[in-house]
Structures are given as C-alpha cells and as structure tokens.
Amino acid sequence: MAKECRRPKALTDTPFHYCPGCTHGIVHRLVAEAIDHLGIREKTVGIAPVGCAVFAYNYFNTDMLEAAHGRAPAVATGMKRVRPDNIVFTYQGDGDLSSIGCAEITHAANRGENITVIFINNAVYGMTGGQMAPTTLLGQVTTTSPYGRDPKDSGYPLHMAELLATTRGAAYIERVSAHDVPHIRKAGQAIEKAFRYQMEGKGFSMIEVLSTCPTNWGMTPVQAMQWVKDEMVAQYPLGVYKDLGEKEA
Amino acid sequence: MAKVIFNHQACKGCGLCVSVCPKHIIALSHEELNEKGYAPAECTDEAACIVCGFCATICPDMAIEIIEE
C-alpha cells in the first residue's frame with residue numbers, strides 16, 4: 001500500500017498553468033518532495049528559468065529568483081557564493097539550458113559550482129509554440145522542422161548529460177525519465193540525491209529528466225508518455241553519467 | 001486505512017491516472033465538467049481500490065491525494 005501522498009509543503013497552493021498531462025507538474029512535485037524530505041525548505045533558493053516553467057516562482061514555496069533566459073546557472077553561482085549556507089537549485093528546460101544557456105551551464109559545471117540543476121528535456125521549445133530545440137530528435141517534426149529534423153541543416157541532438165559529465169568540476173550527473181510510475185520514483189530519488197550532494201558540499205549536480213510536451217507534439221498525454229518510452233529513451237539513454245560519490249566530499 | 005481522494009477542480013482530465021491504474025477503476029467523468037471545463041477523473045469502484053498510489057504518483061496536478069484515515 002502506498003504511503004500518504006499530499007501536496008508537499010515546498011509547493012504553494014497555486015494551481016499549475018501547465019497543459020493537461022505536462023510532466024512539469026510531476027517534476028515540480030518531485031523537487032518539492034525532495035526539499036520537504038531533506039528539511040531544507042527554509043533555506044532553499046530556487047532560480048526560475050525562461051520557458052514554460054517561467055512561473056516556477058509562483059509554485060515553489062521557497063525563496064525564488066527569476067533569471068534571464070539561460071542564465072539561471074550564472075545567477076545560481078552568485079547566489080551560492082554569497083550565501084553558501086543556502087541550498088540553491090535551478091529549474092530549466094531544454095531551450096533554456098541546452099541552447100541559449102549552453103555557455104552558462106557548461107562553465108558552472110566546469111567550475112564545480114555547488115548547485116543543483118534540474119533539467120527538463122522534452123525535445124522542443126514548449127512555451128513559444130513547439131519550435132525545434134538542440135535536443136529535438138532526428139526526423140522529429142516541429143513547427144520549424146516541418147519535414148523532420150535533418151542533421152545536414154540543423155545538426156544532431158545535443159546530449160547535455162554526457163557533455164557535462166566530461167567536465168572535471170561536475171560531481172553528479174544522471175539522466176532519468178518521467179514517463180511511467182517506476183521511472184518517476186527513480187527520478188525522485190535522483191533529485192533528492194542531487195540536493196543531498198549539495199548539502200554535503202560535493203559540488204555541481206544535474207538531473208536531466210526526459211519529459212513530455214503533449215500539446216506541441218500533437219499527442220494525447222498518454223501517447224506522449226509512450227513516445228518518451230519508445231523514442232526518447234532510445235536516443236537519450238538513462239543512467240548515471242558521473243558520480244563522485246563518497247570519494248570527494 | 002489509507003484512502004485515495006480525487007480533487008475534481010484541480011483535475012485537467014489528462015487521463016494519465018486512467019492509463020496507470022492496475023485495477024482499471026479510474027474513468028474520466030464526461031457528465032459533469034469541472035470549473036476549468038475538463039472532464040475530471042474519478043474512481044468508479046472504491047471498494048476495488050488497492051491504494052497502490054500509482055495515480056497519485058503520475059498526476060501532474062496533484063489532483064489525487066492519499067490520506068490516512
């Protein structure tokens with residue numbers, strides 16, 4: 001039997017504005033549950049991105065800052081360095097993190113900033129109408145790749161977890177998925193571990209969560225979950241890409 | 001005894017809970033739409049519920065809660 005499941009204290013009572021079936025809501029809950037479980041709500045500072053999750057500051061019941069598009073890791077760097085006792089996390093989508101914010105995230109990871117990054121990868125720009133993102137799969141039809149993504153024109157899907165795992169500063173990089181109940185539970189454990197690493201001062205951690213965008217993919221929420229399972233997981237293998245673990249505290 | 005509670009006003013009718021229920025006892029109620037205009041999910045047979053929590057785990061809008069009574 002499942003244990004009690006109520007709205008986490010780290011979320012406000014504001015209803016999410018996300019489309020029906022959007023996994024942003026699931027990941028918001030996982031982050032809030034991790035914050036509740038670790039008892040760090042009073043000292044957590046979240047950095048909201050630009051994208052669908054731009055209103056994250058209305059939803060997380062922690063201190064929140066809004067950053068310019070892609071610059072959340074830079075803002076988090078400043079926040080963490082000025083207030084090292086606070087727990088600082090960013091919550092970013094793939095347009096935000098892997099496109100316009102690619103420089104900020106790469107250097108924050110390389111510097112080993114002691115922050116936690118939650119990266120939502122749903123392979124499109126959601127808020128602006130489903131345009132092609134760096135993470136869009138080959139052949140995937142979006143509003144700006146109506147014949148499917150062609151690598152001759154627009155390159156290949158960018159694998160941020162693998163990329164950041166090559167930086168020496170990163171402590172913990174894992175890719176998880178939110179497409180079914182077992183994977184959602186695993187994602188929750190990974191997110192909590194990432195926050196724990198920050199509390200222990202281990203350094204930079206990023207959890208990439210494969211997510212859905214039913215509206216822009218033109219699918220029902222259930223079809224979108226299946227598409228993540230069939231297509232996205234094949235292109236973006238799940239797993240731990242880097243984990244310094246107990247070695248370097 | 002734990003119980004599953006559906007908050008009809010918070011539901012957006014996405015149907016993810018319907019797809020994961022192992023007992024197939026969740027359905028979208030098209031008879032009465034909620035304030036947002038969605039057909040909310042509801043349990044059709046509470047006696048058959050095993051309180052596995054799958055529906056609450058996958059719900060993106062926390063419209064499903066499990067409470068201890």
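By convention in this document, chain letters (A, B, ...) are assigned in the order of the sequence lines, proteins followed by strands, and residues within each chain are numbered from 1. Note: hydrogens, waters and symmetry copies are ignored here, and every other heavy atom, side chains too, is used.
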Q | V209(A) versus A178(A), closest heavy-atom pair with distance | A | CG1-CB, 4.0 Å
Would you mind writing out the side-chain donor-acceptor pairs for residues 49-60 of chain B within the sub-3.5 Å range, not counting sequence neighbours?
{"residue": "T57(B)", "atom": "OG1", "partner": "R185(A)", "partner atom": "NH2", "Å": "3.2"}
{"residue": "T57(B)", "atom": "OG1", "partner": "G53(B)", "partner atom": "O", "Å": "2.7"}

Q.
At a heavy-atom distance under 4.5 Å, which candidate from M225(A), H24(A), R7(A), R29(A) has the highest pair count against chain B?
A. R29(A)
Q) Most heavy-atom pairs under 4.5 angstrom with chain B, which of P15(A), G188(A), G21(A)? A) G21(A)
Q) H159(A) versus Q235(A): any side-chain heavy-atom pair under 4.5 Å? A) yes
Q) Going from CD1 on I35(A) to CZ on R41(A), what distance comes out if it is rounded to the nearest 0.5 angstrom? A) 9.5 Å
Q: Decide salt bridge (Lys or Arg N to Asp or Glu O under 4.0 Å) for K193(A) and D243(A); before the verdict, give the C-alpha distance in whole Å, the side-chain angles of both, and the deciding distance to 0.1 Å.
A: CA-CA 11 Å; K193(A) 184 173 167 183; D243(A) 187 356; 2.7 Å; yes
Q | Residue part contacting chain B, namely of H17(A), when any heavy atom lies under 4.5 Å | A | backbone
Q) For L30(A), is it the side chain, the backbone, both, or neither that has a heavy atom closer than 4.5 Å to a heavy atom of chain B? A) neither
Q | Within residues 32-39 of chain B, residues adjacent to chain A where the heavy-atom gap is under 4.5 Å | A | Y38(B)
Q) Where do A41(B) and F6(B) come nearest, in terms of heavy atoms and distance? A) O-CD2, 3.5 Å
Q | Point-to-point distance, once rounded to the nearest 0.5 Å, from CG of N121(A) to SG of C213(A) | A | 11.5 Å
Q) So which of L11(A), I26(A), T220(A) has the largest heavy-atom pair count under 4.5 angstrom toward chain B? A) I26(A)
Q) Side chains of Y236(A) and T135(A): do they bring a donor and an acceptor to under 3.5 Å? A) no
